[in-house]
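The structure appears below as structure tokens.
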Amino acid sequence: MATSRYEELTPREQEVFRLLVDGYTNKAIARALYISPKTVDKHRASIMRKLEVNTFPELVRYAVSIGLLEVEPEESVL
């Protein structure tokens with residue numbers, strides 16, 4: 001099950017994951033959590049490995065699939 005992989009993340013990785021998919025930059029996450037941007041990079045790499053995703057869009061899709069991120073439909077421009 002997808003959520004079981006999420007539950008394998010450490011509490012700090014879960015926190016970084018939520019901030020990443022909410023659109024915060026690595027610098028902003030580092031400032032908010034009082035860690036270095038390199039530490040954010042390491043958490044991000046660990047998160048992606050544990051969740052078995054290779055790209056940021058896959059990471060966002062994963063967040064949507066487990067209900068961590070809600071996507072609002074856009075109005076059609078056509």
Side-chain angles (χ1 to χ4, degrees):
M1 177 184 260
T3 54
S4 66
R5 281 186 277 153
Y6 173 76
E7 292 165 357
E8 289 177 15
L9 299 178
T10 66
R12 180 62 108 186
E13 288 170 339
Q14 289 179 7
E15 194 172 18
V16 170
F17 177 65
R18 285 190 298 273
L19 292 169
L20 282 169
V21 298
D22 279 342
Y24 290 90
T25 65
N26 284 10
K27 268 187 173 178
I29 294 169
R31 279 193 307 268
L33 301 180
Y34 302 101
I35 58 178
S36 78
K38 284 187 178 186
T39 302
V40 176
D41 284 337
K42 288 180 182 183
H43 283 308
R44 181 179 180 155
S46 178
I47 290 163
M48 292 179 78
R49 182 179 36 71
K50 288 179 179 181
L51 298 181
E52 301 175 7
V53 299
N54 298 309
T55 65
F56 186 72
E58 286 179 300
L59 195 64
V60 172
R61 281 193 293 274
Y62 182 87
V64 171
S65 76
I66 64 169
L68 193 64
L69 184 65
E70 207 170 292
V71 178
E72 296 179 21
E74 293 185 29
E75 288 186 32
S76 177
V77 292
L78 299 177

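Values below: all heavy atoms of this structure, side chains included; hydrogens, waters and symmetry mates excluded.
Going from atom CE of Met48 over to atom OG1 of Thr55 covers 6.0 Å, rounded to the nearest 0.5 Å. For the atom pair Leu59 CG and Leu51 CG, the distance stands at 6.5 Å (nearest 0.5 Å). To the nearest 0.5 Å, the span separating NE2 on His43 from CG on Leu33 amounts to 8.0 Å. Note: Glu13 CD to Arg18 CZ = 11.5 Å, rounded to the nearest 0.5 Å. Remark: Ile29 CD1 to Thr39 OG1 distance equals 12.0 Å, nearest 0.5 Å.
Of all heavy-atom pairs spanning Arg44 and Phe56, the tightest one is NH2-CD1, 3.3 Å. What you find for Pro37 and Ala30 is that their closest heavy atoms are N-CB, 3.6 Å.
With contacts defined as side-chain heavy-atom distances shorter than 4.5 Å, the pair Thr10/Lys50 qualifies. Considering only heavy atoms from C-beta on, Leu20 stays 4.5 Å or farther from Val60 through its side chain.
In this structure Glu15 satisfies the side-chain hydrogen bond (donor to acceptor under 3.5 Å, both in side chains) test together with Arg12, sequence neighbours excluded.
The aromatic rings of Phe17 and Tyr62 sit perpendicular to each other, their planes meeting at more than 60°, with 30° as the lower class boundary.
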